[in-house]
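Here is the structure we will look at, set down as structure tokens.
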There are 2 protein chains.
Amino acid sequence: MQLFFFKSINLSSMEVFFDENESYHIIKVMRKKKGDIIKATDGNGILLEIKITSIKSNKLIGLLLKKMNIKANKHSPDIGICIPKKTSRFEWFIEKATEIGIRNIYPIISHNTEKKKINYDRCKKIIKMAAKQSNNFYLPEIKNISIFKDFVVKKQKGFIANCSNIDSKKFNEIKLYNNPLFLVGPEGDFSDFEIEFAKKNGYVSINFGKQILRSETAAIYICSICNNANNFNL
Amino acid sequence: MQLFFFKSINLSSMEVFFDENESYHIIKVMRKKKGDIIKATDGNGILLEIKITSIKSNKLIGLLLKKMNIKANKHSPDIGICIPKKTSRFEWFIEKATEIGIRNIYPIISHNTEKKKINYDRCKKIIKMAAKQSNNFYLPEIKNISIFKDFVVKKQKGFIANCSNIDSKKFNEIKLYNNPLFLVGPEGDFSDFEIEFAKKNGYVSINFGKQILRSETAAIYICSICNNANNFNL
């Protein structure tokens, strides 16, 4: 069943409201009608079953039939990713990470990061579409851009994925904790200085075995492994 | 170190030859010169260390310095994937699967598969580029297009990934064997008939938990989990 995003609920009247874009999508694109039952989420774990009661000039109101709280996947990762040069690669990562499961996306500028801007509006649209597509009741957040050193000093626990084999663990040797944080390097990898700096600040260096994965591939690999670990506890 | 593909070796003279495209890439794009040492593979597990000895009008010959056999990842999957409607999604899958590790790609036409053609030349180029990029000494093969039923009858052991929860295992409940075979459904999933038909032919139905993954995302998820299992044995 298709998933939509609601805007607000009035619990006393049991009415559920949708914003104009979502109303348009439900009515015009998905051709839902008065009386139809739809599924909607707030993107924060709440899942509603709603009967459409009113459609007036692209404003849709529904009657709340059922309200559920969906448990978050406890291993959903936070990923700090150095912005790839090609926008399409970053957008692809956002789409796939949302499908598979990610909690927060932190775009990072490191020494070898050339691109320093992101189109947030576009990213948020991609996240919303991917969440709908994949039936994901938790909408990942895309945070403000951080400078590598500031980020590492602020968040002092995590894994730094890089291509070095020195004092580095393989991915499957590490123990995932709740919402683990991973840093993923740029084209040209993190610098030796950056890897050392992260280690001094509580980060564990990890690699992916023999392969050298592109930033967006490494990030999706991480999301897949974390999701699979989550499923052990479903 | 950048990886290249060699064409043939003459073991008596220790000479290594490259085809014209690869020679052009080494000389003109990577600006390698006589005397430089490069790394090359046949895409089938052989890794050579070569000293460039002759460059004549885009034909490059090298002297073999060292020859190694790189062990294949025993869990590298074979994936039968229903061709996605959008070419870009299929090409993206090929690139990422090659980076992470896949053995054979079988394009499949199932009941809900709309697209029935593939540009093989373009796919092979993407595979080669991704293998170079990721330092992968095993070049995945992209096989001829198969009809779902014929394929299932021919290869009677594997996993069929789909969105149904009926008599279906979660990905992390299955035991990976050597080069496991996975079937990945199209937009609109496999039909109930197809899932039953596969089960009758020795396939185990699997799903990814709550998420509904797009075909290409599911395929990459599978490659990531298999690669991570491989790494236990590195």
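Just so we're on the same page: letters track the sequence lines, and every chain starts at 1.
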*Indicate yes or no: at least one non-hydrogen side-chain atom of B:Glu95 is less than 4.5 angstrom from one of A:Arg214.*
yes
*A:Asp36 atom CG, over 12 foreign heavy atoms within 6.0 Å*: yes
*Shortest non-hydrogen contact between B:Ile212 and A:Glu99, atoms and distance*: O-OE1, 4.5 Å
*Got more than 12 heavy atoms from elsewhere within 6.0 Å of CD, B:Glu187?*
no
_Interatomic distance, A:Leu213 atom CG to B:Asn227 atom CG [nearest 0.5 angstrom]_ = 7.5 Å
_chain A interface, residue from B:Ile100, B:Ile222, B:Ile220 that has the most non-hydrogen pairs under 4.5 Å_ = B:Ile100
*Does B:Tyr221 use its side chain to pair, donor to acceptor, with the backbone of A:Asn228 at less than 3.5 Å?*
yes
*asked:* Counting only heavy atoms from other residues, nucleotides and ligands, does the tally under 6.0 Å from CE of A:Met68 exceed 12?
replied: yes
*Given side chains that start at C-beta, do those of B:Lys210 and A:Ile70 come closer than 4.5 Å, heavy atoms only?*
yes
*B:Tyr24 OH: over 12 foreign heavy atoms closer than 6.0 Å*: no
_Enclosure of A:Lys199 NZ (heavy-atom neighbours >12, cutoff 6.0 Å)_ = yes
_Between A:Ser134 and B:Gln211, a side-chain donor and acceptor under 3.5 Å_ = no
